[in-house]
K.L.:
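Can you read through this structure? Questions will come right after.
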Amino acid sequence: MGSGKLRSALVIGGQGIRARKLRTFLSMTSLFLGVLAVLTVQAGAEIAERAMLSGVELTRGKDGTLQMFVPQEEPALGVVERTLAGRSDGVAVVGMNAIIGEPGVRPINDGAVPFDHPRVGGPEGGSGKPDGQAIEVQLEALTGDVRGFRPFRQVSGQWLDFASAPALAPRIVVNEEAAIGLRRHRVPGEMALPGAAVHVTPQVVGVVEDGSPRPSVYVRMDELRTWPPGSSNADTSRGGSRVQVMLSPSATDLVQTLRSRLIGVGVPADELDAHPIDSREELEGQLSLVRLIFLGMAALVLLIGVAGILNVGLATVGERVEELALRRAVGTSRLLLAGIVLAETLLTGLLTAVAAIGTGAAGVKVGSALLGPSYPALQGISFPWQAGVAGVVAGVAAGVLGGLVPAIRAARIPIAAVMRA
Amino acid sequence: MTPLIHLTGITKTLKGQGEPRSILSGVDLTLHAGRSVAILGRSGSGKSTLLSVLGLFDRADGGRYLLGDKDITRLPEQRAAALRSAEFGFVFQRFFLLKHLTAAQNVAMAFVNGQGWLPRGKRRARVMAALDLVGIAHLAEHRPPRLSGGEQQRVAIARALVREPRVLLADEPTGALDTETGALVVDVLRDATSRGCGLVLVTHDRDHARKMDDVLELREGRFA
Ligand SMILES: Nc1ncnc2c1ncn2[C@@H]1O[C@H](COP(=O)(O)OP(=O)(O)OP(=O)(O)O)[C@@H](O)[C@H]1O
Ligand SMILES: [Mg+2]
């Protein structure tokens, strides 16, 4: 028939919990909040990291993307263009500033700064030109679809079509800040590149979100080339400028081809190393401190939860002195009784952790469903399992910490003193 | 014939806040199976202290305690708990029933102690038999707040008897009851001796004491 220690413990513990539903509920509540705080911090850090990373992805490129910087001058530029033509696993980006609007004036946002930026300098500015109806943008000329590396989100219209023949009037896609500038300041639709003699009228085909606070404009490099004839790109003469080439990590053959061809036209080999982008690691350094601070706060909240359990546990033992002494009088051993008291809080802690994890997981689901559409970082986010583990550990730890002292006290109750009428 | 209980020279000193006080100073006691003994004595004379030594709630400082032919003067806690479960039944002045449990569940407490498990059905049968023995089987599902003092004490006696102990220890079991109910309770306790159980009854009531086979008076830490 066995000693029935476990079954006795279950019956006694169950009777204890049922007799003190409110107390159990209260101690669960305090612990619930503590565990939920730990979960929130864990999940929050995870989401923050993703959000920051997705912002960085837009401007710098996805993690793992290989980057190479090639001098922005002929013949290297031509080699890059020819090698990457029609490829989607390698894209070159040539950046320069351009002015859209009245020619020969000082743009409203001199220096392609965001439009809400306070204007620096006097009315004349540094350029000596008069103010006029023009905006300055960051122009990025692309050899192919850059979205494989920088996942822009289409806000309206279309993205650039790289498959068709180059158009004479360059088609451009603007970012949201540039769209604001174009909308707010009715500038003539002429675009000029510094140093280029001919102005053209670009055709805006779409708006994207690119993660940049500055107004920027994307254009096919070959369409840009058709446009100031002769002078391929007006600003290349500025010393030290470089073309950014983004390459898929699997495009090893392309990297090889590009390197050997560039070396062939005289670019020093040591300037042509392809480095992978690793934003996560850089971010993690910054995030770990934030995470630590929040974890400290969560630990504090958890400690309050533990104190709650401890408080309730001690009060309960005080209230149960007679019951516990009586149980010992009828033959329950000290050890079993202490075990039961500990198991009660442990069970409470574990159940609470499970409840908190359930709530947290449901919260993440609901949150990502409700907020996902407006905050892409929350899209498709799943409940981080580390948070679940942290929750269970926190619950059990709280149960042990909060139950141990009451358990020891329960074991020390002197039967004789309690039973003395 | 080996006595059920044989105490020789039991001493016990208790230290409260002040000086250690000698409560028991050489108690001798012999109890045979199926016999009963009443212990009288002034308040504070050490009757309850003696009962806690007898019931293994507390240890004697000196002397010898034989249960049957076993020396149990010094026992580790685990073995003491096992003996409390198997060999002793306790009844107190305050009934010590758990308010949130029914009468049957209170009696079943004696089985829910990690000292041998009975399946639900067998447990139930033993509990009902014990309640029947003290005449309150019909109150099995009542909780203590709905029972009279006499009924509550009978639930406590059923709990003490349900494991069929060899020794029944009762510390002023009639102290909280009126004379008539008290007399009934003492009769129930004494009936247990007819089934071979030894009974130690601590009481202030000489009428109750007279119903026992022996009467001893505790004075200055020993039996006069
Ligand atoms: N834990 C303790 N520490 C110190 N002294 C104690 C302790 N418990 C009891 N005493 C003292 O021991 C003496 C004997 O107490 P005990 O309870 O055995 O008396 P009693 O004969 O049962 O009295 P009553 O008839 O009032 O129940 C009392 O004087 C009491 O004050
Ligand atoms: Mg007493």
Side-chain angles (χ1 to χ4, degrees), chain A residues 1-25 315-344 407-421, chain B residues 12 14 43 47-49 51-53 55-59 76-90 92-101 105-120 122-123 156 159-160 162-163 165 169 171-173 175-176 202:
Chain A
M1 89 177 162
S3 70
K5 281 199 175 62
L6 187 65
R7 275 178 288 198
S8 297
L10 286 177
V11 171
I12 295 172
Q15 287 173 347
I17 288 175
R18 244 177 293 141
R20 277 165 294 271
K21 287 193 198 82
L22 182 64
R23 269 168 186 261
T24 307
F25 173 75
T316 304
V317 167
E319 199 177 76
R320 288 171 88 177
V321 165
E322 271 191 12
E323 181 200 333
L324 296 173
L326 178 65
R327 296 223 184 250
R328 285 196 56 210
V330 299
T332 316
S333 69
R334 269 177 209 281
L335 206 64
L336 187 58
L337 267 191
I340 290 165
V341 170
L342 186 61
E344 275 178 30
I408 291 169
R409 279 197 46 184
R412 286 200 180 148
I413 292 171
I415 315 176
V418 178
M419 294 300 167
R420 210 180 294 270
Chain B
K12 182 75 189 171
L14 290 176
S43 181
K47 305 182 296 293
S48 296
T49 306
L51 225 54
S52 16
V53 169
L56 304 176
F57 294 171
D58 218 341
R59 244 186 229 165
E77 148 71 14
Q78 291 283 344
R79 295 226 13 237
L83 281 184
R84 284 200 295 272
S85 169
E87 310 282 11
F88 295 95
F90 306 93
F92 306 94
Q93 176 174 353
R94 294 189 290 140
F95 321 119
F96 287 119
L97 300 178
L98 299 184
K99 284 196 292 291
H100 55 279
L101 302 183
Q105 285 173 323
N106 267 288
V107 174
M109 254 178 91
F111 287 117
V112 183
N113 60 0
Q115 308 279 5
W117 185 255
L118 277 190
R120 204 187 184 79
K122 276 191 189 168
R123 200 166 69 215
R159 181 177 62 200
V162 72
R163 286 194 88 136
L169 303 172
D171 193 352
E172 295 182 46
V202 168

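Just so it is clear: chains get the letters A, B, ... in the order the sequence lines come, proteins before strands, and each one is counted from 1. When reading the values below, keep in mind they use all heavy atoms of this one structure, side chains included, and skip hydrogens, waters and symmetry mates.
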K.L.:
Please report whether the ring centroid of B:Phe90 lies less than 6.0 Å from that of B:Phe57.
P.N.:
yes
K.L.:
Measure distances from A:Gln15 to the heavy atoms of chain B and classify the residue's part below 4.5 Å as side chain, backbone, both or neither.
P.N.:
both
K.L.:
Highest number of heavy-atom pairs under 4.5 Å with chain A: which of B:Leu83, B:Val112, B:Leu98?
P.N.:
B:Val112
K.L.:
Does the side chain of B:Leu51 reach to within under 4.5 Å of the side chain of A:Met419, using non-hydrogen atoms?
P.N.:
no
K.L.:
Should the heavy atoms of other residues, nucleotides or ligands under 6.0 Å from CG of A:Leu335 be counted, would the total exceed 12?
P.N.:
no
K.L.:
Give, as side chain, backbone, both or neither, the part of B:Phe88 having an atom under 4.5 angstrom from any heavy atom of chain A.
P.N.:
neither
K.L.:
Measure distances from B:Ser52 to the heavy atoms of chain A and classify the residue's part below 4.5 Å as side chain, backbone, both or neither.
P.N.:
side chain
K.L.:
Any side-chain heavy atom of B:Arg84 within less than 4.5 Å of one from A:Ile415?
P.N.:
yes
K.L.:
Please classify the contact of B:Leu101 with chain A as side chain, backbone, both or neither, using a heavy-atom distance under 4.5 Å.
P.N.:
side chain
K.L.:
With a 4.5 Å heavy-atom cut-off, do A:Leu337 and A:Arg320 have their side chains touching?
P.N.:
no
K.L.:
Between A:Ser8, A:Ala325, A:Ala19, A:Ser333, which residue shows the highest count of heavy-atom pairs closer than 4.5 Å to chain B?
P.N.:
A:Ser8
